[in-house]
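Everything on this sheet refers to the single structure shown next.
Note on naming: letters A, B, ... go to the chains in the order of the sequence lines (proteins, then strands), and numbering restarts at 1 for each one. Values in this document were obtained by computation on a predicted structure and should not be read as measured data.
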Protein chains: 2
Amino acid sequence: MAVNLPAVYLALLHYPVYNKEQEVVATAVTNLDLHDLARLAVTYGCQGFFVVTPLELQTKLVKRLLDHWLTGRGGEFNPTRKEAFSRTRVVGNLDAVLAMVAAEAGRPARIVATSAREHRGSVSFSELRARIGQEEGPWLILFGTGWGLTEEFLSTVPEAILEPIAGAGSYNHLSVRSAAAIVVDRLLARAR
Amino acid sequence: MAVNLPAVYLALLHYPVYNKEQEVVATAVTNLDLHDLARLAVTYGCQGFFVVTPLELQTKLVKRLLDHWLTGRGGEFNPTRKEAFSRTRVVGNLDAVLAMVAAEAGRPARIVATSAREHRGSVSFSELRARIGQEEGPWLILFGTGWGLTEEFLSTVPEAILEPIAGAGSYNHLSVRSAAAIVVDRLLARAR
């Protein structure tokens with residue numbers, strides 16, 4: 001890894017998000033979300049990836065998964081996956097993420113939330129990309145599962161909300177796996 | 001959808017690809033690959049998404065999945081997923097894809113393969129993006145499952161091989177779901 005990479009962390013929030021009926025819920029962890037975002041984080045030189053869930057049973061499940069890949073048979077079977085999960089942690093809430101990032105980076109994180117919906121005053125991809133390259137981090141980019149992070153959360157927590165990914169038409173229902181890949185690539189890819 | 005969108009098709013090949021031991025295999029279909037690529041194709045205005053597998057049982061499985069979302073309970077439960085799968089088809093081999101694309105578009109497809117490995121003479125993202133905008137299609141972009149499309153296939157079939165996605169360092173193990181999202185965004189996103 002290059003020395004001057006900006007300090008960027010990713011977090012996948014399973015709460016507070018909407019379900020299909022716009023109710024506020026905690027979603028279940030999806031195994032492939034963890035694989036895909038862990039691999040994405042390492043590929044783009046992110047400092048860490050946090051799986052955030054308030055549900056204790058889900059936390060246990062993720063810990064078992066990480067254990068399988070980090071110290072168990074998984075890592076022998078596929079060392080690249082072991083490397084990917086080496087920067088993945090599971091925590092109960094965003095405060096825990098913030099505490100860990102601040103402790104590691106020596107400064108509080110600048111929180112950027114992502115959303116598939118339009119928000120007044122949202123930051124554009126090009127603007128955020130420039131800021132990440134110029135301003136001191138650490139940056140923490142939040143992704144919501146289910147039908148997205150709640151409006152209440154978005155209105156109070158993040159320092160900035162990133163503009164939604166615009167496709168070709170009005171259909172805009174990417175998986176969080178696809179959306180995270182596109183967001184991270186747009187913000188952090190070397191060549192543009 | 002805008003009228004002047006270039007005609008682009010995506011295909012996910014489950015054969016001929018490598019497994020972890022560099023053996024040539026046909027991989028099993030992964031449910032979430034289909035969901036993610038179908039949603040991606042519709043979001044970016046692609047004309048179609050082909051799931052390509054030579055295995056009859058896998059074909060049946062995919063057909064059952066499509067049936068669930070297109071005519072069964074799935075479409076009622078989540079109409080946006082029904083819309084995504086409306087452009088998804090499962091076929092046995094690349095020739096069948098080419099025949100369907102040529103029949104629909106009235107011209108043979110220009111085949112572009114993707115790979116996580118470097119290839120001499122590969123086309124860059126910016127060059128291919130420009131060509132897609134300028135030259136007549138249809139374009140067919142191939143993604144390989146497993147550990148990627150075989151060298152033999154890459155050396156004979158496609159008109160061009162796209163350069164690999166470069167992350168921040170030497171680690172380069174994105175899922176095909178993440179890679180496809182990044183490739184399609186780089187080639188087809190409206191704003192750059």
How many angstroms lie between [atom1] in [X] and [atom2] in [Y], if you round to the nearest 0.5 Å?
X      : Y      : atom1 : atom2 : result
A:R39  : B:N172 : CZ    : CG    : 10.0 Å
B:R186 : A:D185 : CZ    : CG    : 4.0 Å
A:L174 : B:D36  : CG    : CG    : 8.5 Å
B:L32  : A:D33  : CG    : CG    : 7.5 Å
B:E83  : A:H173 : CD    : NE2   : 7.0 Å

Name the region of [X], side chain, backbone, both or neither, that has any atom closer than 4.5 Å to a heavy atom of chain B.
X      : answer
A:T30  : side chain
A:A84  : both
A:I165 : side chain
A:F125 : neither

Tell me whether [X] shares a hydrophobic cluster with [Y], the cluster being built from Ile, Leu, Val, Met, Phe, Trp, Tyr side chains joined at under 4.5 Å.
X      : Y      : answer
A:V97  : A:V184 : no
B:V176 : B:V29  : yes
B:I161 : B:V157 : yes
B:V25  : B:L149 : yes
B:L142 : B:F50  : yes

Count the heavy atoms belonging to other residues, nucleotides or ligands that lie under 6.0 Å from [atom1] of [X], then report whether that count exceeds 12.
X      : atom1 : value
B:E135 : CD    : yes
B:K60  : NZ    : no
A:F153 : CZ    : yes
A:E21  : CD    : yes

Please report the C-alpha distance between A:S175 and B:R177 in whole Å, then the side-chain angles of each, then the deciding distance to 0.1 Å, and finally whether the side-chain contact (heavy atoms from CB on, under 4.5 Å) criterion is met. CA-CA 10 Å; A:S175 73; B:R177 297 171 293 281; over 6 Å; no

Does B:Y44 use its side chain to pair, donor to acceptor, with the backbone of A:A166 at less than 3.5 Å? no

Taking all atoms of both residues into account, what is the closest heavy-atom pair of B:T80 and A:Y171, and its distance? O-OH, 2.7 Å

Measure across A:I182 and B:A181 and return the closest heavy-atom pair with its distance rounded to 0.1 Å. CG1-O, 3.5 Å

